[in-house]
> 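Right, I'll just put the structure down here and ask away after.
As the structure is a prediction and not an experimental result, all values here were calculated from the model. Numbers restart at 1 for each chain; the letters A, B, ... are given by sequence-line order, proteins then strands.
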Amino acid sequence: MISITLPDRSIRQFEQPVTVAEVAASVGPGLSKAALAGKVDGKLVDTSDVISTDADLAIITDKDAEGLEVIRHSTAHLLAYAVKELFPDAQVTIGPVIESGFYYDFSYKRPFTPVDLVEIEKKMAELAKKDEQVKRKIMPRDQAVAYFKGIGETYKAEIISSIPQGEDVSLYSEGAFTDLCRGPHVPSTGKLKVFKLLKLAGAYWRGDARNEMLQRIYGTAWTKKEDQEQYLHMLAEAEKRDHRKLGKQLDLFHMQDEAPGMVFWHPKGWVIWQQVEQYMRRVYQDNGYQEIRCPQILARSLWEKSGHWENYKDNMFTTESEKHEYAIKPMNCPGHILVFNSDLRSYRDLPLRYGEFGSCHRNEPSGALHGIMRVRGFVQDDGHVFCTEDQIKSECVDFNRLALAVYGDFGFKEIAIKIALRPEKRIGSNETWERAENALREALNACGANWSELPGEGAFYGPKIEYHMKDSIGRSWQCGTMQVDFSTPGRLGASYIDEHSVRQTPVMLHRAIIGSFERFIGILIENHAASMPLWLAPVQVVAMDITEHQADYAKDVVAGLKAAGIRAESDLRNEKISYKIREHSVQKVPYLLLLGDKEMHAKTVTARVRDGKGGGENLPPMTLDDFILHLKSEIAAKRAS
RNA sequence: GCCCGCAUAGCUCAGGGGUAGAGCAACCGCCUUGUAAGCGGUAGGUCGUCAGUUCGAAUCCGACUGUGGGCACCA
């Protein structure tokens with residue numbers, strides 16, 4: 001007798017081993033039909049899985065998150081099935097589930113085209129409609145290798161070869177197509193109803209650039225048609241927030257062939273930049289940093305000492321003069337160490353904090369460039385803290401608190417924090433690493449932050465915290481960072497005198513909150529859909545006359561605003577007020593002043609608000625002084641209007 | 001760097017082997033206007049660059065540059 005406990009704690013008993021599907025059927029025909037998979041004692045299995053001992057069982061349907069996962073995974077297999085039907089000599093490799101969809105990598109003699117994509121999707125729908133059973137089969141590893149070699153699937157054979165010898169592997173078959181897979185899968189292809197192939201891409205076999213490039217097909221799959229439509233709509237909306245598009249529309253910056261990966265900042269974009277920079281300058285001043293400025297170009301000998309010449313030469317722009325070689329700095333730390341080294345330092349000076357708005361150039365691979373998010377010339381809010389090992393933790397606590405406060409001021413809510421831990425190749429003792437990693441953890445704990453850890457992803461010289469933010473379509477970009485460095489100060493001869501008159505090497509903390517101004521402003525634009533909070537808006541107020549009778553009054557109002565430090569402009573063009581409103585609304589100006597005879601005679605202003613609760617509506621008429629107070633309080637609070 | 005796609009007026013885009021088209025913007029007029037596009041007119045392009053095929057190329061082929069989506073990379 002086998003007892004199966006369902007999620008509602010009810011118990012069903014069976015004389016002999018039963019499949020998940022049979023249990024579902026015993027509950028009712030509705031559940032039987034809806035069952036996609038089962039969860040036996042917390043483990044996801046096929047509906048064909050046989051339960052032979054007492055167990056907890058949940059039937060997974062498309063109402064469960066796991067159900068959607070299973071659907072996506074099975075849709076990836078359906079894709080491979082369809083490709084094999086249409087292109088029998090294509091080879092299959094892997095096809096995992098990813099956020100909101102799946103992909104599958106193929107090897108084929110010619111590139112797939114967008115037309116192929118349409119055909120493949122059609123074939124998928126056809127195969128799904130046939131509602132073919134998806135069958136699981138267990139096979140010894142070696143037999144599976146031979147099987148896939150036999151049918152010409154060399155990639156699959158290679159994958160299985162890396163599974164330890166003696167283990168069994170599971171194969172799934174639907175129609176004539178068999179694939180290696182851990183599973184679970186939907187019981188039959190008819191369960192796959194809502195899917196769409198999205199794009200073609202290249203991808204290296206096993207993620208290694210030395211390997212052959214495969215063809216990757218991305219797709220999405222959902223349980224309900226409406227869900228998919230909503231997702232596609234969301235993607236389309238997100239594309240409208242693309243910083244490249246908005247940067248052009250709002251005349252913030254441009255890029256051109258003559259300077260790939262470098263940005264031409266236009267007046268309005270530069271206002272945003274300056275607001276960010278001036279804000280960050282206060283952050284330096286208020287938190288014990290001294291701002292410095294170092295040369296752009298430094299001698300090859302320095303980069304040889306720091307190790308960059310050996311390891312990162314390909315990414316550096318170099319130049320020469322009178323037979324001396326130089327590199328345009330790819331980072332600011334060596335310069336900061338030279339400033340540190342310019343005087344004799346005592347332990348009493350530590351922690352010593354330098355900050356720079358440091359312009360860096362890195363010769364990034366052309367394929368890595370992306371709008372202003374990944375560029376070749378950029379400016380960092382780069383700071384270095386020279387301290388003792390004992391001071392690492394408190395510096396990290398302070399930094400993390402500061403970074404989160406700064407992100408809050410810019411209106412960011414979702415920040416993913418990660419700690420990159422010791423890599424295989426590293427310097428420094430395990431105890432030192434242990435202390436440094438724990439210092440980072442404790443620092444984040446002290447701020448009540450959540451984080452994930454990336455084992456092996458740290459720099460060779462020390463562990464680091466990374467602060468990631470998402471762009472409009474969900475790609476994650478690293479902005480801030482806090483890195484512990486046990487190596488570079490020693491390499492470049494930094495030292496201080498400790499309390500026993502002994503020369504010691506300081507620890508260096510590399511830290512940035514903004515990361516790169518270019519990337520940060522790109523993310524800012526996308527996150528706010530270019531409706532910048534008042535304190536950052538390039539133009540904060542546009543005053544417009546309704547007819548030319550109020551032109552002088554409008555000029556006076558703008559003069560008053562400018563005198564109060566508000567970024568105000570006038571629009572006295574001979575156009576209808578609705579035309580002007582539309583134009584400046586499209587330009588995302590936070591406040592529009594409508595000045596007609598009414599306002600002119602009463603000596604008031606009528607302000608149309610861009611966003612917030614009263615978006616598109618007017619503030620009550622008020623004097624210019626009151627309006628300025630209103631603006632100033634909003635600017636001080638760094639709120640959106 | 002690798003795979004695939006794209007490059008036409010200031011912007012957004014249509015067209016497509018017989019030497020270019022729209023809307024918006026610009027410019028000139030008319031209109032004097034109260035909460036998201038008033039009307040009329042004018043001007044504007046070696047169709048990314050370089051080579052090739054062709055009687056003829058913006059169109060087809062190739063290379064290059066830039067760019068988009070991915071992959072790899074991101075010290």
Side-chain angles (χ1 to χ4, degrees), chain A residues 98 103 105 107-108 110-114 116-117 198-218 239 242 244-245 248-249 251 254-261 303 306-316 330-331 333-334 360 362-371 373-376 378 423 457-461 464 466 473 475 477-478 481 483 485 487-488 510 515-516 519 544-551 573-587 592-599 606-610 616-618:
Chain A
I98 52 173
Y103 67 75
D105 287 348
S107 168
Y108 191 49
R110 67 155 176 91
F112 291 134
T113 65
D116 293 333
L117 214 60
L198 297 177
K199 56 195 179 192
L200 287 161
Y204 294 108
W205 166 236
R206 300 208 141 176
D208 190 329
R210 287 167 303 191
N211 289 341
E212 181 198 342
M213 179 146 283
L214 306 171
Q215 297 189 62
R216 177 169 296 179
I217 297 177
Y218 283 94
E239 267 170 38
D242 188 304
R244 292 164 292 204
K245 203 167 212 167
K248 197 178 264 182
Q249 278 168 16
D251 196 17
H254 90 273
M255 301 176 86
Q256 65 181 59
D257 291 9
E258 286 78 356
W303 302 110
S306 71
H308 290 95
W309 196 267
E310 194 191 347
N311 294 310
Y312 309 111
K313 187 171 175 297
D314 287 348
N315 282 303
M316 288 196 281
M331 49 183 29
C333 16
C360 296
R362 297 179 188 175
N363 195 5
E364 303 283 9
S366 57
L369 302 179
H370 181 102
M373 303 287 212
R374 181 90 179 265
V375 286
R376 290 195 174 133
F378 55 96
E457 300 263 314
F460 72 92
Y461 51 71
K464 57 185 177 183
E466 301 174 357
I473 66 166
R475 285 175 291 222
W477 298 89
Q478 182 190 312
T481 185
Q483 310 185 3
D485 184 351
S487 160
T488 318
H510 308 247
S516 120
R519 175 177 295 179
M544 37 213 190
D545 55 358
I546 286 170
T547 71
E548 63 188 0
H549 294 119
Q550 306 92 31
R573 290 175 303 170
N574 175 19
E575 296 288 355
K576 283 196 160 176
I577 196 71
S578 54
Y579 179 91
K580 297 187 193 178
I581 286 173
R582 176 183 153 76
E583 196 152 292
H584 300 296
S585 297
V586 167
Q587 290 293 311
L592 304 181
L593 293 185
L594 314 184
L595 306 174
D597 283 340
K598 223 165 35 186
E599 288 79 9
T606 296
R608 191 182 200 273
V609 187
R610 180 189 64 193
E617 289 172 19
N618 295 346

> Round to a whole Å and report the spacing from CD1 of A/Ile98 to P of B/G69.
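Rounded to whole Å, this separation is 15 Å.
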> For the residue pair A/Glu466 and A/Thr481, confirm or rule out a side-chain donor-acceptor distance under 3.5 Å.
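No donor-acceptor contact under 3.5 Å links the two side chains.
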> Under 30°, 30 to 60°, or over 60°: which ring-plane class applies to A/Tyr312 and A/His308, parallel, tilted or perpendicular?
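Plane angle between 30° and 60°, so tilted.
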> Do NZ/NE/NH1/NH2 and the carboxylate oxygens of A/Arg206 and A/Asp208 come within less than 4.0 Å?
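Here A/Arg206 does not pair with A/Asp208 in a salt bridge, since their nearest N and O are not under 4.0 Å apart.
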> What protein N or O atoms touch nucleotides 72-74 of chain B N or O atoms at under 3.5 angstrom, if any, and at what distances?
from  : atom 1 : to       : atom 2 : distance (Å)
B/C73 : O2     : A/Arg374 : NH2    : 2.8
B/C73 : N3     : A/Arg374 : NH1    : 3.0
B/C74 : O2     : A/Arg374 : NH1    : 3.3

> Measuring only the P atom in each nucleotide, how far is B/G15 from B/G34? A whole number of Å is fine.
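It comes out at 41 Å once rounded to the nearest Å.
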> Just checking A/Ile577: base, sugar-phosphate only, or nothing, at a heavy-atom cut-off of under 4.0 Å?
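Sugar-phosphate, backbone atoms only, no base.
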> Over all strands shown, is A/Arg216 touching base, sugar-phosphate only, or nothing at heavy-atom distances under 4.0 angstrom?
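Since only primed, P, OP1 and OP2 atoms lie under 4.0 Å of A/Arg216, the category is sugar-phosphate.
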> Would you please name every residue forming a salt bridge (charged side-chain N to carboxylate O under 4.0 Å, His left out) with A/Arg573, sequence neighbours left out?
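For A/Arg573, the residues satisfying salt bridge (charged side-chain N to carboxylate O under 4.0 Å, His left out) (neighbours in sequence not counted) are A/Asp571, A/Glu583.
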> Can you check whether any acceptor in the base of B/U35 is under 3.5 Å from a donor in the side chain of A/Asn618, or vice versa?
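It does, because a donor-acceptor pair links the side chain of A/Asn618 to the base of B/U35 below 3.5 Å.
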> Do A/Glu239 and A/Lys245 come within less than 4.5 Å of each other through their side chains, counting heavy atoms only?
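A side-chain contact under 4.5 Å is absent here.
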> Any N/O pairs under 3.5 Å between the protein and nucleotides 43-47 of chain B? List them or say none.
none

> Counting only side-chain N and O atoms of A/Ser578, is one of them less than 4.0 Å from OP1 or OP2 of B/A36?
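Checking A/Ser578 against B/A36: no side-chain N or O falls below 4.0 Å of OP1 or OP2.
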> Would you indicate which nucleotide in B/G38, B/C71, B/U65 comes nearest to any side-chain atom of A/Asp257?
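Shortest atom-to-atom distance from the side chain points to B/U65.
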> Which parts of nucleotides 8-15 of chain B does protein reach within less than 4.0 Å, heavy atoms only, written one letter per nucleotide 5' to 3' as B for base, S for sugar-phosphate only and - for none?
---SS---
> Can you tell me how far CZ of A/Arg582 sits from CD of A/Gln587, rounded to the nearest 0.5 angstrom?
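A/Gln587 CD to A/Arg582 CZ: 11.0 Å, rounded to 0.5 Å.
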> Quick one: does A/Arg475's side chain get under 4.5 Å of A/His370's, heavy atoms only?
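Side-chain contact under 4.5 Å: yes.
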> Expected output check: what is the dot-bracket annotation of RNA chain B, where ( ) and [ ] are pairs inside the strand (brackets for crossing ones), | is paired with another strand, and pairs are Watson-Crick or G-U under 3.5 Å?
(((((((..((((....[..)))).(((((.......))))).....(((.(..]....).))))))))))....
> Looking at every non-hydrogen atom in both residues, tell me the closest pair between A/Leu369 and A/Pro260 and how far apart they are.
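Looking at all heavy atoms of both residues, the shortest contact is CD1-C, 4.3 Å.
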> Could you tell me whether the side chain of A/Glu599 has a donor or acceptor atom within less than 3.5 Å of a complementary atom in the base of B/G34?
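Per atom types, the contact qualifies.
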> Whole-Å distance between B/G66 C1' and A/Arg376 CZ?
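Rounding to the nearest Å, CZ of A/Arg376 and C1' of B/G66 are 11 Å apart.
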> Show me the protein contacts with nucleotides 27-31 of chain B, counting only N or O atoms at under 3.5 Å.
from  : atom 1 : to       : atom 2 : distance (Å)
B/C31 : N3     : A/Asn574 : ND2    : 3.2
B/C31 : N4     : A/Asn574 : ND2    : 2.1

> When the distance from CG of A/Leu594 to P of B/U35 is rounded to whole Å, what number comes out?
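So the two atoms are 9 Å apart, to the nearest Å.
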> If the P atom of B/C60 is compared with that of B/C6, how far apart are they to the nearest Å?
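The answer is 10 Å between these two P atoms.
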